[in-house]
*Asks:* 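Below you'll find the structure I mean.
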Amino acid sequence: MRVNLLSKFKKWFQNNFVFFGPGLLLAITAAGEAGVTEAIEIGAHYGLELIWVVIITLIFKYAFTNGIARYTLATGNTIFDALHSLPGPKNWGSILLIASYLMETFSMGAMLMFAATFLDYLLPGVYTVVLLSAFLAVVVLALLRTEIYESFEFIMAGLIGVLVIGIIYCLLDFPLSGSVLLSGIAPSIPHGSEMAILAIIGVVGSGLNLMLYSVWLKAKTESHDASGEVCTLHNESFFKKYIRSVNVDVLSGFVIVAVITIGFMFLGYVGYAVSFMPHGASITLDTIVTQVTYIFNAISFGQYIFLMFVSLIFFGAVIVGMDARATAVATVVHHIFSDSGKQIPSGKNLYYLVMVVFTALVFLSFTITNPMLVIRQIAVISAILFGIYGFIIIYLDLRLPSYARGGRFWILVMVVGSILSIYIALLIQGSFLEFGVPLLERMLVVIVALGVFLYSGMCKRMIEGTATLSDKLWTIFLFGVLSMYGIYRGVAVTDSLYGISFNFADVGPMIAGFMGGPVLGIAAGLFGCAARMMQGGVTVFSGSLAMVVAGAAAGFAIRYWKGELTVFRAVVLATLVECFTILWMVPTFGLVIGNITLSQIVDIVLMTILPQMIVNVVGVALFAYLVRKVDVFRTAVQVKGVRGTLKEAADMIKGVKK
Amino acid sequence: MTHHSKKEEDPQRARAERRITIGVLVVVAVLFLVAVHPLWPGSGDAKFPEGDITVYVTMPMSGPQGEFGVEYARGVQLAVDDINAFGGIRGHRLDAVYYDNLGGDRSELQKEFSDAFENEVPLIIGPLTSSAADMLGMYAEVFGMVMITPSATSADLSKYKSYVFRSVSSDAYLGIGMVKIVNNIASIRSIAVVYCDDTYGRGILDTFSEEMNETSPDTRVVSVKINSGSEVDAEAVMSEVAAADADAVFIIPGSPQQVVDLLAEAEGRGMDLLWFGTDNSISSLVSACGEYANGFVGVTPSLKVNSFFYADKYRSKFGTEPKILNSIYGYDSMMMAGQAMSDYGYDADGLRDGLKKIRYLGLTGAVTFDENGDRYPSYDIVQLMDGEWVTLKWSSALSFGAEDAHGEH
């Protein structure tokens, strides 16, 4: 009877928990890293007020992982294969992923600095953290050349388990009331907490390496025949066989992450409370160590255990993280190159090549002396990328067979999670909400005017090259006035001492440039230039010339592209123009003329770059989109082509006649 | 979770890879030599004299503060013994010379300082009180000699940013901590701060009032000045407290005797007050005050000893139990200085640089010095219960509401 029950249980467990482990392991190790790098500090800052973000993040990441798993089980491809074949510019998904992982490598460097700092407390003597970090980085590389590192994930999970038990024991000394927990569940955004919220979204429940779950899942579900060929049949029954177990694995992992993360937040909270630090005091890694080790003194050798374990957890996280990311990047790079038929190093050599690049970035990150800041900034960017990848996964999901598609609730969670990531990012860039949105509203007027213009005969003649002088003058006037409108309807920065206003004055000259070449672009820009000169302010010269530069750049670019304007090209050009004018012209003119200090320049650049760039890029991109929509360019180019052919034919005939 | 598979390669490639691995390990070893210190000191040019090296310790070894001074000095001596047991500092035997500064007497301090200066001793550990530390700190800054005080807590000392360090937390934190405790008791609407009129008392009063105003502006704070000696006009002070209609008294005394006198006066008047006090209230004199003093809450620099062996060492060295545990701050001061000296030399400038960079996990917990040479705060809360000072659990001293979140990155 007992044997029967046991075998039944075994069968049930195998059916339901066939994947039990990796998701759990990934989640627990990630919870340990995020707990120390972010949750303690966030707890110290905001108490438990941001528990709601942890919960929403984990629900979002559960849906995210579920989406990845469904895609992998239904198609037999990894998510990286899918990124490679997204619509739009070639390989953009793959390039975004490579860029994401390269960026996250800076976090790896910062984590090594964390490990070195904790180690510094344990080692007798005075050390340089950067040197210790470099030493650890080389040890990481040496270990990656052996097989030992493969067991690090298990070691880390074990250490985190012990650490969490220790934290729970120590926290028994402190009052954690249900009402405090409940108050944290109610969504609120404490003043100045936007970065912390994004950091939670970025790192809690794992960073972008969450996508590696797909690689593991593919390997696990593949079976091979005698000749070594993959012979997995991806059908509905295969999908249903595995998805439940995957969900159990991931769900249990994220529940544990929630508990661990909230535990770490509470640790930071009480650590701050008992430290007697004043209101608004700055929190550094060393203050956190002081606070947390004080709490861990409740356990015999608790301080040593905490510091040692955390050092090892970070060290292990770097080993596992670098290996996983290098594997993923090597796979994606391999895809890109093999598609284009170019020769690339073999899989293993490519892996080592990527590792060399990663190592260089890790060493580079040591030059940034504040590892907390590095981790925070990377986490923030990761959160925004999660928003983008969230939409990609929704897109991929909609193309799956119906049995594998996510339900409405899944889509809702993904959309809310993705939008939240991007929305909070915009909140941080308060200047965009304050100035960018009103500018976009005003630009709608421009769009309407553009729409009317695009259907006019004058527009058609301009592009076909049959425009009269009157057409050209009218175009200059129209877009010059549009540029002036952009200046006068710009949004003044009321609290700025520099007399700055954000505007969309570059849009008009750039469109004129696209329509009629550099001369028209410059001429239209001169209208805006004159208007801007009359406004004055510390950026008067750079701001005025910017429109002329924009018009010229668009004119030359359209010639170079032989009249072929795409949205992508328009976006790239407008971005470059804005970067050039704000990042180069403003500082150069300011310093040469001497009417502005370096710190004022930094203020102005930081204040203006994002709203100004977004608005002008959107304006130009909309024009490019509308142009293609009304097909005016294509027709015009065709006409130009036909004309050219006719002209060549006529020349030939003339030549023959002669 | 995913690992790159290491497939079998041809023997030539395997040999090449082995060579790379060996190369990497050699680099690891070299970096180890550079980064891990005893083989390669931080500054690279650490200076040491021939023979033994000496540090000076200045404490009140007699008089009313003698009890404290002796304990700190004993802590220093235990550290010196431990350092010498491990071969001294870079092979030099360490010696500590103890001075009785007679309670921080000005001329004694001057004499000790000039003696240390003439003998090119780069480090003085001490003195005990904030006023003495203020004076000696000024000399240390001007003449370039490192001073580490294990006990002087005045916030004012933070003005000496180069050569003055302390292994105990500044009073700037104590006043803030007391606000957190007071705010936890809803019945306190008005509090009288009875403070001694010196840098110590005024410093704590300022931080307390500032933090209270910031976090609980509705709570009324009334300040009552007393002199910084051991005498107090208890009747006048308690009259002022009564006139202020205070619910609680936070006392920052010049000596424990003042606390005793004020408690007696309040008991005589039948005043129902909650009593709070700074670390120098936590004395056997106060605990002997009887039932009225029961419930008195004090805040003291953390005395949780991060070691199993310290008490045994103390007993075997001095043949007695430690009277107070504060000696651990003396021990940590000497150990940190020893480690910094080992890497940066027996030289005031080197020692200063080493202390600015050090991260140390000692008997008193994790220590680093901020830009002012102060350590980050670490306190315990104690309460008088049936004539005994008992360390409280934080759960009984603090509650956590969402409004407590307060840090800034």
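Each chain gets a letter, A, B and so on, in the order the sequences are listed, and its residues count up from 1. Nothing here was measured: the structure is a model prediction, and the numbers come from that model. FYI, side chains are in, hydrogens and waters are out, and symmetry mates aren't considered; it's all heavy atoms of this structure.
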*Asks:* How long is the span from the OH atom in B/Y376 to the CD1 atom in A/I283, to the nearest 0.5 Å?
*Replies:* 11.0 Å
*Asks:* Looking only at non-hydrogen atoms, find the nearest pair between A/G125 and B/Q339 and report the distance.
*Replies:*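 Reported closest heavy-atom pair: N-OE1, 3.0 Å.
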*Asks:* Using non-hydrogen atoms and a 4.5 Å limit, figure out which bit of A/Y304 sits close to chain B: side chain, backbone, both or neither.
*Replies:*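 Contact with chain B: backbone and side chain both.
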*Asks:* Measure A/V129 against the heavy atoms of chain B and call it side chain, backbone, both or neither at under 4.5 Å.
*Replies:* side chain
*Asks:* Between A/L307 and chain B, with a heavy-atom cut-off of 4.5 Å, which part of the residue counts as in contact: side chain, backbone, both or neither?
*Replies:* side chain
*Asks:* Which atoms of B/V299 are under 4.5 Å from chain A, going by heavy atoms: the side chain, the backbone, both sets, or neither?
*Replies:* side chain
*Asks:* Side chain from CB out, backbone as N, CA, C, O: work out which of these in A/T287 comes under 4.5 Å of a heavy atom of chain B, or both, or neither.
*Replies:* both
*Asks:* Taking the side chain as every heavy atom from C-beta outward, state whether B/I176 and A/M277 have any pair of such atoms under 4.5 Å apart.
*Replies:*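 No, their side chains stay 4.5 Å or more apart.
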*Asks:* What class does the angle between the rings of B/F309 and A/F301 fall in, given that below 30° is parallel, 30 to 60° is tilted and above 60° is perpendicular?
*Replies:* tilted
*Asks:* I need the residue from A/T293, A/T290, A/L136, A/D286 with the largest number of non-hydrogen atom pairs under 4.5 Å to chain B.
*Replies:*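 When all of A/T293, A/T290, A/L136, A/D286 are compared, A/D286 has the most.
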*Asks:* Heavy-atom pairs under 4.5 Å with chain B: which of A/V289, A/L122, A/T117, A/V292 has the most?
*Replies:*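 Top count of heavy-atom pairs under 4.5 Å with chain B: A/T117.
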*Asks:* Flag the one option from B/V305, B/T207, B/T368 with the top tally of heavy-atom pairs under 4.5 Å to chain A.
*Replies:* B/T368
*Asks:* Does any heavy atom of chain B fall under 4.5 Å from the side chain of A/T331, the backbone, both, or neither of them?
*Replies:* neither
*Asks:* In terms of heavy-atom proximity below 4.5 Å to chain A, should B/Y360 be classed as side chain, backbone, both, or neither?
*Replies:*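 Contact with chain A is through the backbone of B/Y360 alone.
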*Asks:* Of all of A/L141, A/V130, A/D120, which one pairs up most often with chain B through heavy atoms under 4.5 Å apart?
*Replies:*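 Ranked by contacts with chain B, first place is A/D120.
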*Asks:* Counting only heavy atoms closer than 4.5 Å, note whether B/D380 contacts chain A via side chain, backbone, both or neither.
*Replies:*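 Both backbone and side chain of B/D380 come within 4.5 Å of chain A.
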*Asks:* Looking at B/E210, I'd like to know if its CD atom is crowded, meaning that more than 12 non-hydrogen atoms belonging to other residues, nucleotides or ligands lie closer than 6.0 Å.
*Replies:*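 Incorrect, the count does not exceed 12.
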*Asks:* Measure distances from A/N297 to the heavy atoms of chain B and classify the residue's part below 4.5 Å as side chain, backbone, both or neither.
*Replies:* side chain
*Asks:* Using a 4.5 Å cut-off on heavy atoms from C-beta on, say whether the side chain of B/D343 contacts that of A/Y127.
*Replies:*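 No, too far: nothing below the 4.5 Å cut-off.
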*Asks:* Any chance you could lay out the side chain to side chain donor-acceptor pair (under 3.5 Å) test for A/Y294 and B/K304, step after step, and finish with the verdict?
*Replies:* CA-CA 9 Å; A/Y294 175 84; B/K304 288 175 181 156; 3.2 Å; yes
